[in-house]
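Read the structure below first, then the notes.
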Amino acid sequence: MTATVTTAPRAPQGEGVSGGEPDLWCTYAAVRTLAWLDRTDTVADPDGTAAYLSGRRNADGGYAWSRGMLSDAWATFYCTQALRDMGRPVPGTEATARWLERTWSGEAYAMLPGQAPDVWATHFSARTAVELCDGPVPDRARLLDWLSRLQCAEGGLSWSPEDARRGKADVRACYYGVMAWRAATDNGASGAPPWDVAALAAWLRDRQGAEGGFRFAPAAEVPCLWATYRAVGALAALGRAPRDPDRCQAWVMGLRGPSGAFVRWEGYDVEDVWASFCAVGTLKALGAPLAPVADSVTARISELACPGGGYTYREPRDAADALTTAAAVLSAGPAAPRPDGVRWLEGCQLPNEGGVMYMPGRGSEVRCTLWALAAGAFAGDRAARHRIADWLAELQNADGGFGYWEGRGSDMVSTAAAVETAALLGGPDGPRLDELGLDLAGVLSFVDSCRTAEGEPFAHGNVPGAEPGLRPALQAQRVRLLLGPGFAPPAEAREAVGALLARHRVRGGGYAGEGNRVPDLLSTYEAVLAADRAQLALDTGHVSAFVDRVRAADGTAWSPLAPGSGGPLADCLGSLLARRLASGPGALPALALS
Amino acid sequence: MTSTATVPSPEEIHDRTRTVLATRIGDAFTDVPSDADLQKALGERYDSLTAMECISAVESEFGIEVDFVADDVRFWFSSVERMVRFTHERLEDTAALGLGS
């Protein structure tokens with residue numbers, strides 16, 4: 001443990017809530033680790049796991065984080081790579097390649113069509129295009145030029161050329177940039193790296209601490225396996241080694257827990273899937289033998305399998321996540337005693353990134369941070385709130401918007417979540433919105449860039465150029481109202497909310513995300529929230545008709561057409577809407593999922 | 001718009017419903033009995049998006065309008081038989097009220 005650590009990097013205490021469902025990233029990490037160990041014959045319920053992965057495929061050829069969501073580069077790579085690792089056919093790669101082309105900006109890849117490119121997406125999509133779809137990238141020369149502009153003055157790579165100019169180097173960005181170059185150049189056979197490689201390797205090597213592990217960036221508090229794998233992997237792909245490979249290997253082997261599998265930090269008390277993924281990946285990149293850890297890691301991964309296929313990060317019954325836990329706390333009501341769930345959420349603020357993670361050990365995520373704060377986490381903890389504010393200010397992209405987590409391209413739902421989070425960090429006794437170090441004019445600029453140029457007034461998409469929908473349009477107006485009259489006239493925002501609600505009002509009850517035919521829970525929740533914020537009168541009978549339709553004894557459905565209960569998150573939104581209808585404006589927390 | 005002067009028989013509605021559903025769902029629908037639960041018989045082929053397309057197709061075929069909140073769409077559009085009953089009753093109501101063109 002280093003002397004600079006102020007937060008013990010232990011697993012959260014308290015009691016979180018597990019949805020009991022597999023998680024896409026965990027499933028990929030489990031399968032990939034078993035493939036590195038040549039143990040894919042031990043994948044639990046291989047048919048169920050393959051069905052879970054292929055079930056994320058959308059009609060457009062891309063894959064989504066969960067069924068019903070939009071395709072993105074992240075999910076597309078993980079699903080197709082895991083299917084390949086399992087030796088299963090990857091269906092319809094021609095259509096996947098066509099979907100990938102829609103995310104090509106002209107010089108690099110974005111996570112979604114229309115979004116600004118970042119190195120996360122560029123890595124995922126370059127590899128999917130070349131290694132899984134057997135095609136070239138659309139324009140290798142322009143991609144290499146874009147990649148070259150990721151290098152910061154200090155030598156490391158950043159998330160985007162704009163972030164490079166701001167000096168935001170990170171070992172993860174280095175890994176993704178290097179691996180994108182490798183994919184685009186046939187493992188380097190068709191072109192040299194487009195960077196000052198000596199400076200890049202030196203910057204990466206400087207991230208190794210005396211104990212042997214690596215940190216994300218100079219400001220990161222503790223070394224971790226995530227940073228170590230990405231740093232060592234990037235160095236190996238460049239034909240280089242860490243400054244002290246032996247100490248690195250010894251440090252990795254020292255992170256084995258009682259089962260023989262790995263933990264992510266020294267002192268952490270859960271052997272989870274990403275720790276083993278990163279440890280095995282590091283050992284492989286170092287050229288170290290994998291046999292000494294193969295049996296124990298394989299056995300531990302088998303404990304993380306979910307019934308019906310797929311994996312989560314630890315034993316499924318204990319695999320709580322921030323959204324489900326916050327949903328349970330919020331559903332219990334404001335008068336309930338401070339529950340163990342709040343304590344668990346507060347434990348999701350771990351070293352190196354000040355926000356709240358979706359699952360412990362993962363990167364901090366802006367929506368999860370908003371849900372946790374809305375559930376009452378950190379209410380009296382000024383130090384923790386300062387850490388969140390600092391993280392939020394660092395998270396803002398050069399275009400003024402926010403992405404899901406560090407380095408991700410901006411989108412409306414994340415941007416609205418970030419501004420709402422900032423507002424919650426303020427409040428009566430806290431700093432004002434303009435005192436939190438955010439570029440508020442930049443926020444407005446990004447929001448305006450999502451406005452649809454032609455067609456119906458006030459239409460916005462989730463990212464610039466995306467199809468318009470009710471939720472991003474209302475999220476834009478919520479941001480405008482929070483920014484205040486110095487940035488956007490409130491009367492104009494109120495007029496926009498009124499026009500949007502009229503356009504998407506469903507005759508029988510509720511609001512539709514597109515047009516005015518099929519109402520859905522998320523759009524109706526957003527509509528009520530926006531109406532309250534804009535101080536517009538709400539036809540509670542009209543909303544009640546919808547809420548009564550989707551709520552039943554066995555839970556709340558996402559829409560009248562969706563099967564059964566939508567799970568804990570839908571139950572939470574349904575309960576909060578019912579509570580708002582009974583108690584009046586101001587009762588609805590600003591929650592959003594998409 | 002379908003004439004309301006004469007309401008089609010349940011048999012005719014049945015045949016026309018199967019025809020429009022076959023167009024939307026494809027070959028997988030051919031052997032599905034009319035009393036079968038479509039979600040069980042077709043699995044993810046009859047997800048909420050497909051269900052919406054089928055409802056729109058039935059609306060267009062018979063000139064009726066489905067209210068996604070007031071009508072229990074998950075019940076009435078879960079099998080061909082139920083769709084036929086729903087459509088027949090809606091056409092009869094429309095005719096009785098003289099609302100048709």
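Naming: A, B, ... by sequence-line order, numbering from 1 per chain.
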query = Taking it one step at a time, do Val518(A) and Ile55(B) satisfy side-chain contact (heavy atoms from CB on, under 4.5 Å)?
reply = CA-CA 11 Å; Val518(A) 189; Ile55(B) 291 168; over 6 Å; no

Tell me, yes or no, whether the heavy-atom count around [X] atom [atom1], taken from other residues, nucleotides or ligands under 6.0 Å, exceeds 12.
X: Glu89(B); atom1: CD; value: yes
X: Leu42(B); atom1: CG; value: yes
X: Arg85(B); atom1: CZ; value: no
X: Asp27(B); atom1: CG; value: no
X: Arg18(B); atom1: CZ; value: yes
X: Glu12(B); atom1: CD; value: yes

key: Test ring pair (Phe, Tyr, Trp, His ring centres under 6.0 Å) applied to Tyr311(A) - qualifying residues, sequence neighbours left out   = none

query = Non-hydrogen atoms of chain A under 4.5 Å away: do they reach the side chain of Leu49(B), the backbone, both or neither?
reply = neither

query = So which residues of residues 66-79 of chain B are in contact with chain A at a heavy-atom cut-off of under 4.5 Å?
reply = Val66(B), Asp67(B), Phe68(B), Val69(B), Ala70(B), Asp71(B), Asp72(B), Val73(B), Arg74(B)

key: Atom group of Ala545(A) that falls short of 4.5 Å from chain B, counting heavy atoms   = both

